[in-house]
Amino acid sequence: MRWSNYFIPTLRETPADAEVVSHQLLLRAGCIRQLAAGVYSYLPLAWRVLTKIMNIIREEMDRIGGQEFHLPALHPAEIWRESGRWEVMGENMFRLKDRRGADLCLGMTHEEVFTAIARNELRSYKQLPQVWYQIQTKFRDEPRPRSGVLRVREFIMKDAYTFDLDWEGLDKSYNDQREAYCRIFDRCGLQYIIVQASSGAMGGSESAEFMVLTDAGEDHIALCHHCGYAANTEKATSRLPEVEDGDGLPRPEPFPTPGVRTIKDLEDFPDGAPAERQIKTLAYVINGELTLVLLRGDHELNETKLADATGATELRPGHPEEIKQALGAYPGSLGAVGVTKFRIIADRALKGRRNMVTGANRDEYHLRGVDVERDISVSLWTDLRTVKTGEGCPQCEGGTLEVRKALEVGHIFKLGTKYSESMGATVLNEEGKEVPIVMGSYGIGVERIMASAIELYHDEDGIIWPMPIAPFQVILTPVNIGERDQAEAAERLYRQLTEGQIEVLFDDRDERAGVKFKDADLIGIPVRITVGPKRLKEGQVELTVRRTRETRVVALDAVLDAVHELIAAEMAFFQQVGSRT
RNA sequence: CGGGGCGUAGCGCAGCCUGGUUGAGCGCGCUUGAUUUGGGAUCAAGAGGUCGGCGGUUCAAAUCCGCCCGCCCCGACCA
C-alpha cells in the first residue's frame with residue numbers, strides 16, 4: 001500500500017474531547033472518526049486492525065468446532081417477548097416500528113434469535129452439541145457512551161452460543177470456549193485476567209469475564225496475589241476480622257443527634273460511634289417496592305449484588321420524600337429497628353452484631369444498643385458489600401485482596417435452560433423424552449481488543465501495535481523521495497517485500513523525513529525501514545523496531561530475511577507477554 | 001435520568017463578563033511558488049466561517065435573554 005493514495009488522516013493535536021489514551025491515539029492516528037455519541041466510523045487503518053482481530057477470533061472459534069453464522073440485526077419484538085427480555089432490557093434496547101406499526105428492535109445480543117433457530121431445527125440429542133457463532137454489529141442504547149470506542153452504542157461483537165444435551169456437555173463446551181478465549185487474547189498480545197463475574201441480565205448459573213488491567217476500564221476487580229483468586233467486585237467476597245461487641249443494652253435506646261446526617265457525622269458526634277459499630281440503612285425501590293438495605297457503617301453497598309440477590313429488574317435509591325413518607329424520617333436518621341412494613345435485606349457482616357448504633361426513624365435521633373438479630377426482622381441475609389483493597393482473601397489463609405480497575409473484553413456464561421425453557425427449545429434424549437437444551441453464551445468485544453491493545457502498548461509518540469494485529473507489519477520510509485536513488489531503492493524494496501508476503505505501507509509522500517517519522521511512530525507500525533542517503537551509498541538501509549527503538553543496519557539484499565526475522569521476533573514477544581497475568 | 005462543562009474554519013484555541021473600531025482573530029493544517037530535505041522546515045501569496053439552531057431584547061448580537069439540538073466529563077448499566 002502506498003501512503004500517498006491511502007487514507008490516513010493523522011492529527012497533530014489531540015482533539016479536546018478525547019480523554020482516554022486509546023481514544024486520543026485512534027483519532028490522531030487516523031483510525032476512527034466520531035459520527036454521534038457512541039457511534040464511530042472505522043477508517044481503513046482501524047479496519048485492517050479489526051479484520052486481523054476478527055480473523056484470529058474466527059480461527060480459534062473454528063478450531064473448537066464453531067460454525068460461523070450471520071444473523072439479522074433487525075429483530076421482531078415477538079422473540080424478545082417470549083424470552084421475557086423485551087421488558088427486561090428497558091431503555092437499553094433500540095426500538096422501532098415498521099410501516100405497519102409492528103414492533104421491532106435492533107439486536108443487543110442474539111440468544112433469542114439463535115434459540116429460535118435451535119428450537120425449529122434441533123430435534124434429537126444426536127444433533128448435539130452445536131457450537132454456533134457470528135461476528136456482528138450489536139446495538140445498545142447506553143445511558144452514557146464514553147471513553148471513545150470503549151463504551152459505544154454500536155459495536156462489533158463475536159457472540160457464540162453452545163447447545164448441549166446436559167450439564168456435563170455444557171461444562172465441556174464452556175471450557176472449550178474458555179480455552180479458545182485464552183488463545184484469542186494471547187494471540188492478540190493482550191495481558192488479561194479471568195475473573196468470576198455476575199451474570200446480570202443474561203441469567204444463568206456461572207460466568208467469567210476476561211479483563212485487561214487498565215485505568216481506562218470501568219470495572220473493578222479484586223485479586224489475591226497469594227492464591228490467584230480473582231473476581232469482579234460485583235461478585236467478590238472477602239474475609240473480615242471478627243468484631244467484639246460486648247453485651248450491649250437490654251433494648252435499643254434513642255438519643256438525640258442534632259445535625260447528624262452521615263456515618264461520618266455520627267463518628268464525630270460526642271455520643272456517637274465508630275463506623276464499624278453503626279448500621280447503615282439504605283432505602284431502595286426494588287421492582288417498585290421500598291426495601292431497606294442494611295450494611296455496616298464503614299461498608300459500601302454493591303448494587304449489582306443487591307440486584308442479583310433480589311432478582312431485581314428495576315432498582316433505584318428511594319427519593320427523600322417517599323422515604324420520609326414511608327419511614328417517618330429523612331435519610332440520615334433511618335433505621336430498621338421495629339420496621340415490619342417493608343422488606344429488610346442485610347449484609348452478612350452484620351450477623352450476630354450487638355450494641356450497634358442506627359437511625360431511629362425520627363429526624364435527628366439515633367438508637368444505640370441495637371442487637372441486629374434481636375431487634376431487626378431481617379428477611380434476607382446475603383452478601384451485599386463491596387470488597388476493598390487490604391481485606392482478607394476469601395479463598396486462602398494468608399492472602400489479602402487488591403482492587404484494581406479493568407476493562408472487560410470478553411464474557412462467558414453458562415446459561416443453562418433459561419432460554420430453551422422460555423422459548424421451548426427441546427430435543428428428544430436417548431430415552432425419547434423431551435428435554436430442554438442446555439445452553440451457553442460467549443461474547444467478545446472486538447473494538448475493545450483494539451482499544452485495550454493501545455491502552456497497554458503506547459508511548460508519548462503514539463501507538464505501538466502488537467505485531468499480530470498491526471495494520472501493517474512494516475513501514476517503508478525513504479528519507480527523501482525526491483532523490484532518485486532513494487526513490488528507486490525504495491520502489492525495489494517495496495516490490496520485493498510485497499512479493500515476499502510482507503504487509504508493507506510504503507510512505508511515498510513527498511514530505512520531510514521528520515513528518516514521516518512522526519507519522520510512522522504515531523500510527524504504530526512495528527517495523528520501520530528507513531532508506532536514507534548515507535546508508536544507501538553503502539548499499540544499506542536501517543530497520544527500526546517501534547517498540548524498542550532498536551535500529552540495525554542491513555544490506556539491501558538481506559532486507560527481506562531481516563524483516564522476516566524481526567516480524568517473527570515481535571510476534572513471539574507479544575505471544576509471550578500476552579499470556580495470563 | 002441526576003450533577004458539571006462546552007459548542008467560533010479540518011484540528012487546537014482567543015474574543016463573550018463590560019453589545020458597536022472585528023470588514024470575526026491567532027497557531028497548526030490545506031493550496032500555489034521559491035528555497036530546503038535524517039525527527040512535525042523557511043519565506044511569499046492564497047483558499048477556507050450559517051460564530052450549533054430557532055426565537056427574543058436592541059438603532060446594533062459571536063457577545064445579553066429564552067427554548068431547542070449536539071458533544072464531553074462525574075454517577076446508576078455492559079462486550
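Chain A is the first sequence line, chain B the second, and so forth, proteins listed ahead of strands; every chain is numbered from 1. Keep in mind the model is a prediction, meaning the values are calculated, not measured.
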Task: Side-chain touch L407(A)/E455(A), heavy atoms, less than 4.5 angstrom - done: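 Contact flag for L407(A)/E455(A) side chains = no.
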- [ ] Report the residue (R549(A) or V446(A)) whose heavy-atom-nearest nucleotide on RNA chain B is the more 5′ of the two.
- [x]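 Counting from the 5' end, the first nearest nucleotide belongs to R549(A).
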Open item on the list: Taking the nucleotide of RNA chain B with the nearest heavy atom to each, does F210(A) or A513(A) sit closer to the 5' end?
Closed with: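 In this pair, the answer is A513(A).
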Open item on the list: Quick test of your reading of the model: are R63(A) and E60(A) salt-bridged, counting only N-O distances below 4.0 Å?
Closed with: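 Looking at E60(A) together with R63(A), the answer is yes, because their closest N to O distance falls below 4.0 Å.
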Task: E111(A) with K418(A): basic N within carboxylate O range, under 4.0 Å - done: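 Judged by the 4.0 Å cut-off on N to carboxylate O distance, E111(A) and K418(A) do not form a salt bridge.
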Open item on the list: Below the 4.0 Å mark, does rC74(B) have OP1 or OP2 next to a side-chain nitrogen or oxygen of R144(A)?
Closed with: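 Checking R144(A) against rC74(B): at least one side-chain N or O falls below 4.0 Å of OP1 or OP2.
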Open item on the list: Which nucleotide, if any, forms a Watson-Crick or G-U wobble pair with rA44(B), using both distances under 3.5 Å?
Closed with: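 Answer to the pairing question: rU32(B), which forms a Watson-Crick or G-U pair with rA44(B).
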Has the side chain of [X] got a donor or acceptor atom sitting under 3.5 Å from an opposite partner on the base of [N]?
| X | N | value |
| --- | --- | --- |
| E511(A) | rG40(B) | no |
| D519(A) | rG40(B) | yes |
| N92(A) | rC78(B) | no |
| R316(A) | rC1(B) | no |
| E13(A) | rG27(B) | yes |

Task: Per R528(A) side chain, nearest of listed nucleotides rC71(B), rG29(B), rG39(B) - done: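 Looking only at side-chain atoms, R528(A) lies closest to rG39(B).
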Task: Of the listed nucleotides rG38(B), rG12(B), rA79(B), the one nearest the side chain of F517(A) - done: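 My answer, after comparing the listed nucleotides, is rG38(B).
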- [ ] Scan E483(A) against the nucleic acid and name what it touches under 4.0 Å (heavy atoms): base, sugar-phosphate only, or nothing.
- [x]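 Contact class for E483(A): none.
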Open item on the list: Applying a 4.0 Å non-hydrogen cut-off, can you work out what V152(A) is touching in the nucleic acid: base, sugar-phosphate, or nothing?
Closed with: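 The residue V152(A) makes base contact.
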TODO: Test side chain to side chain contact (heavy atoms under 4.5 Å, CB included) on Q136(A) and H70(A) and set out the steps.
DONE: CA-CA 7 Å; Q136(A) 199 241 21; H70(A) 191 83; 3.6 Å; yes
